[in-house]
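Proteins come first, then strands; the chains are lettered A, B, ... in the order of their sequence lines, and each starts at number 1. Hydrogens, waters and symmetry mates are skipped; everything else that's a heavy atom, side chains included, is used.
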Number of protein chains: 2
Amino acid sequence: MSDTAQSSRPSGRAGAEASAPPEKPARRSDATRAAILSAARERFAADGYERATIRAIARDAGIDPSMVMRYYGNKEGLFAAAAEIDLGMPDVIWLGEGKRPLTVDYVHGDVRPVGVILVEHFLDLWEDSEILTALLRVGVTNTSGAERMQEIFKEQLVPVAAQYAPDPESVPRRAALVASQVLGMALARYVLRFPAAVELSREEVIDWLGPTVHRYLTAAEA
Amino acid sequence: MSDTAQSSRPSGRAGAEASAPPEKPARRSDATRAAILSAARERFAADGYERATIRAIARDAGIDPSMVMRYYGNKEGLFAAAAEIDLGMPDVIWLGEGKRPLTVDYVHGDVRPVGVILVEHFLDLWEDSEILTALLRVGVTNTSGAERMQEIFKEQLVPVAAQYAPDPESVPRRAALVASQVLGMALARYVLRFPAAVELSREEVIDWLGPTVHRYLTAAEA
DNA sequence: TAGATTCGCCAACAAGCGTTGACCAACGAC
DNA sequence: GTCGTTGGTCAACGCTTGTTGGCGAATCTA
């Protein structure tokens, strides 16, 4: 409850600057907010939802627990804010036409099979930040965490699958298959830390999973 | 602390019966113990470690919370007892020699590719009981849960991989790859419940994952 | 029948949780 | 300088958790 500031945007700062993002007050407490969010991601990633206590997060951020409540309403709200994720899926286009369709990743100027590009991209995502670990650890035991994962799957992975599936009706199925393999490797490697999965080199993971993902996306149905 | 009964096994019941399993006192409270264990598995599967409270488990089992402590020492002990799992991996042998090695499952008299047999077996495991769901939900946020999964992986899945890997040195890697795909599908389908993964028919899962698992086990390295 | 043991319930504990509201200090506008 | 707004701390609340010890009833042993 309470909007933090409902009747207090009369003066010059609110709607006068750039108009691309509708609102950006730039408050004095932004540093604190960011510290809370960062600490929350760390704790959620390390401990999951229940054991990541607001008190511990506040301690990590160097502030009082009540600040968390003030800025994010409650624990659910804090998690929702911390689990705001953009997978940044590579902007790819279809190049091949025969048996081995290729794609180009505009950002990296890469021309390789989709499967390989995607697996590499996911490895980067999981290793560059702990936010996906947090989401997975929470999603497994928390309803709203699982719903968040479903949204991300639907809004960010399905569209990629739609570019490659030979049959539009099979798109969600294919996306689910890709998710199962990618999430499964993340689970074994970054969450459960199976030694044999951790010891796989980046190249090995790409070489083994790339073709699998590629097949899930592009192969004719059984 | 306290062994439940340290100086109280003098009389005739203890070591007198069948000698195959070393000890089987057959206590009067076995029904209660079983009820607790069953309720615990349900709760751990549904809620994960933290939210599966001893009080809730006791309520489900229709007894007092203190009974749980008496019989299993503490919550950790209860989980350890509830997570005692035998995957019952099919007793398989190598039949093929060319490109498509086959196996026979002695129990079912089945002759098909290993990948298919394994995927089918895991589907049965996940659907016939909630114990694997419990283990996965707990393993993701709880250290001893994760360790339990590592043990099961090492003792029950790696030996299967050892029968098929062309190179003995690659066995753990291949087992990890298989685990990543099988666990990933279980995660998407039974834990996170991605609609697209839930809607896959049993046959579709087998047709898509079977070849993947088969390749992870038997293909030459990249 | 007498005694010991097992089984179960009850009441309580110390600790930790999310959350709240009162209060003080710094800042910005006029 | 004054005053409203914001940023932050402190102490406490009601509740739930894992865990403990005592006590009565049922059961087994003899």
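If you measure from atom CD1 of I63(B) to atom P of dT6(C), you get 19 Å, rounded to the nearest angstrom. Y71(A) has its OH atom 7 Å from the C1' atom of dG8(D), to the nearest Å. Distance M67(A) CE to dT20(C) P: 15 Å, rounded to the nearest Å. Rounded to whole angstrom, the span from the NZ atom of K75(B) across to the P atom of dG16(C) amounts to 16 Å. Between the CZ atom of R70(A) and the P atom of dG8(D) there is a distance of 9 Å, given to the nearest Å. D64(B) has its CG atom 12 Å from the C1' atom of dT19(D), to the nearest Å. Nucleotide dC7(C) holds its P atom 7 Å from the CZ atom of R33(B), rounded to whole Å. Rounded to a whole Å, the CG atom of N74(A) is 5 Å from the P atom of dT19(C).
OP1 or OP2 of dG8(C) has at least one side-chain nitrogen or oxygen of T32(B) nearer than 4.0 Å. Phosphate contact (OP1/OP2 of dG7(D), side-chain N/O of S29(A), threshold under 4.0 Å): present.
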R41(B) vs E130(B), salt bridge (Lys or Arg N to Asp or Glu O under 4.0 Å): CA-CA, chis, key distance, verdict: CA-CA 7 Å; R41(B) 293 208 180 94; E130(B) 52 216 331; over 6 Å; no
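The aromatic rings of W208(A) and Y216(B) lie perpendicular to each other, with more than 60° between the two planes, well past the 30° mark.
If you check the side chains of E50(B) and T141(B), you find no donor sitting under 3.5 Å from an acceptor. Side chains of R43(B) and T53(B): no donor on one and acceptor on the other come within 3.5 Å.
Contacts of A61(A) classified as side-chain contact (heavy atoms from CB on, under 4.5 Å), with partners at least two apart in sequence or in another chain: A35(A), I36(A), A39(A), I63(A). Taking the side-chain contact (heavy atoms from CB on, under 4.5 Å) definition, one finds that S29(A) meets it with R27(A), R33(A), Y71(A), sequence neighbours left out.
Only R55(B), listed by number, bring a heavy atom of residues 41-61 of chain B to less than 4.0 angstrom from any atom of DNA chain C.
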